[in-house]
Amino acid sequence: MKLRSIELALPDPAGAAAFMVDIWGLAPAEVRGTTHYLRGSGTFSYLMAFEQSDEEFVRSTTFVCSDEELAGITARVAENGWAAKPVISTDPGDGAGLLVELPEGTILRFLAGTNEVAPIEGFAKASKRVRPVKLTHVVFNAADAELMGHAVEDVLNFRVSDRTKGMVFVRCNDSHHSTAFARAGFSSLNHVAFEMDDLDTVMRGIGWMRDNGFAPAWGPGRHGPGDNVYAYYIAPFGPVIEYSTAVEKVPADYEAGKPDDWTWPEQRIDQWGVSDKDFDGLRVAEERFRCRRDWDAQDLAI
């Protein structure tokens, strides 16, 4: 299973898409109606979708999987009585699967039978522009992060990789985490992380953002869990977005760390300890996009 994309609804999808292409580095994929689809340099058909809506919310976060994985998720979702709906994707990449509402309202979509596309150029020396490859993780705030971690382990067959004082990190393959649940006391989108080719392209991305008047809200730095280098920004249209190197690969028998395993010296909030963090600004941005179910649950007839 792999994390593929996130689908957001907001009042100005064209404006959000323009920023993510012209400044952040994504590439246009398609426009269908008023929905803008943006891709990275990798083989996924798109990474972000911006849909026209009077209000802003997270419509779904999409994982692509095998038919066998989808069948298992469907059976366990039905057994546990979670709200869900079978779907046929009308987005680029096609596929069919299931929309699922998690216990705190987070909405995930699982699709099998999806199509991929040919890769495109990433970093270009001529333009000095960088381009994300794919999403590396989408993190959610949670009222009860432990509950959410157990829920996705039991029902979705994800695995908790590590626990810190701030988050429960969860994986769906051998990458350390594709999602996580922050111990925030409320449910919403925390941030969306874009995987870059390497550390150099993360730093070049920071430079390009600075050229365009955007300073990091946090970073550059190196996380503990996942061991990735990062730089966080608050997008003009609301959410927190991150340039990131790939998170580390972990074996199937990786032992989940505990909060005391991930502590830093006083006043340090990552391994390097070289950057400040805009706690207040990030907190406001992290509360903006809530998940919303605008569909009726259906009997899965398992």
Closest approach of [X] and [Y], non-hydrogen atoms and distance?
| X | Y | result |
| --- | --- | --- |
| Trp24 | Tyr243 | O-OH, 2.8 Å |
| Ser188 | Arg290 | CB-CD, 3.6 Å |
| Ala182 | Asn190 | CB-ND2, 3.8 Å |
| Ser161 | Arg171 | OG-NH1, 2.9 Å |
| Val160 | Glu153 | N-OE2, 2.9 Å |
| Gly205 | Val130 | CA-CG2, 3.7 Å |

Report, as yes or no, whether the 6.0 Å neighbourhood of atom [atom1] on [X] holds more than 12 heavy atoms from other residues, nucleotides or ligands.
| X | atom1 | result |
| --- | --- | --- |
| Lys2 | NZ | no |
| Asp54 | CG | no |
| Asp294 | CG | yes |
| Lys249 | NZ | yes |

Side chain [X], main chain [Y], donor-acceptor under 3.5 Å:
| X | Y | answer |
| --- | --- | --- |
| Arg76 | Glu79 | no |
| Glu69 | Met1 | yes |
| Thr245 | Val229 | yes |
| Gln271 | His223 | yes |
| Arg268 | Thr263 | no |

Phe214/Phe19 under ring pair (Phe, Tyr, Trp, His ring centres under 6.0 Å): CA gap, chis, key distance, verdict: CA-CA 12 Å; Phe214 294 92; Phe19 170 81; 5.3 Å; yes
Does any part of the side chain of Asn173, heavy atoms only, come nearer than 4.5 Å to the side chain of Ser178, both counted from C-beta?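 Not in contact.
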Note, Leu156 side chain near Val170 side chain (heavy atom, < 4.5 Å):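 No, every pair of side-chain atoms sits at 4.5 Å or beyond.
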Compute whether any side-chain donor of one residue and acceptor of the other, for [X] and [Y], lie under 3.5 angstrom apart.
| X | Y | result |
| --- | --- | --- |
| Ser60 | Glu7 | yes |
| Ser41 | Arg131 | no |
| Asp162 | Tyr254 | yes |
| Asp227 | His176 | no |
| Thr34 | Gln52 | no |

Distance from Glu146 atom CD to Arg163 atom CZ, nearest 0.5 Å?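 Interatomic distance, Glu146 CD to Arg163 CZ, rounded to 0.5 Å: 4.5 Å.
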Asp91 and Arg109: CA distance, side-chain angles, deciding distance, salt bridge (Lys or Arg N to Asp or Glu O under 4.0 Å) verdict: CA-CA 12 Å; Asp91 300 317; Arg109 182 173 62 160; 2.9 Å; yes
Stepwise side chain to side chain contact (heavy atoms under 4.5 Å, CB included) test for Leu47 and Leu38: CA-CA 6 Å; Leu47 308 183; Leu38 309 179; over 6 Å; no
Test of understanding: clusters of I, L, V, M, F, W, Y form through side-chain heavy atoms closer than 4.5 Å, transitively. Do Val100 and Trp295 belong to the same one?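 Different hydrophobic clusters.
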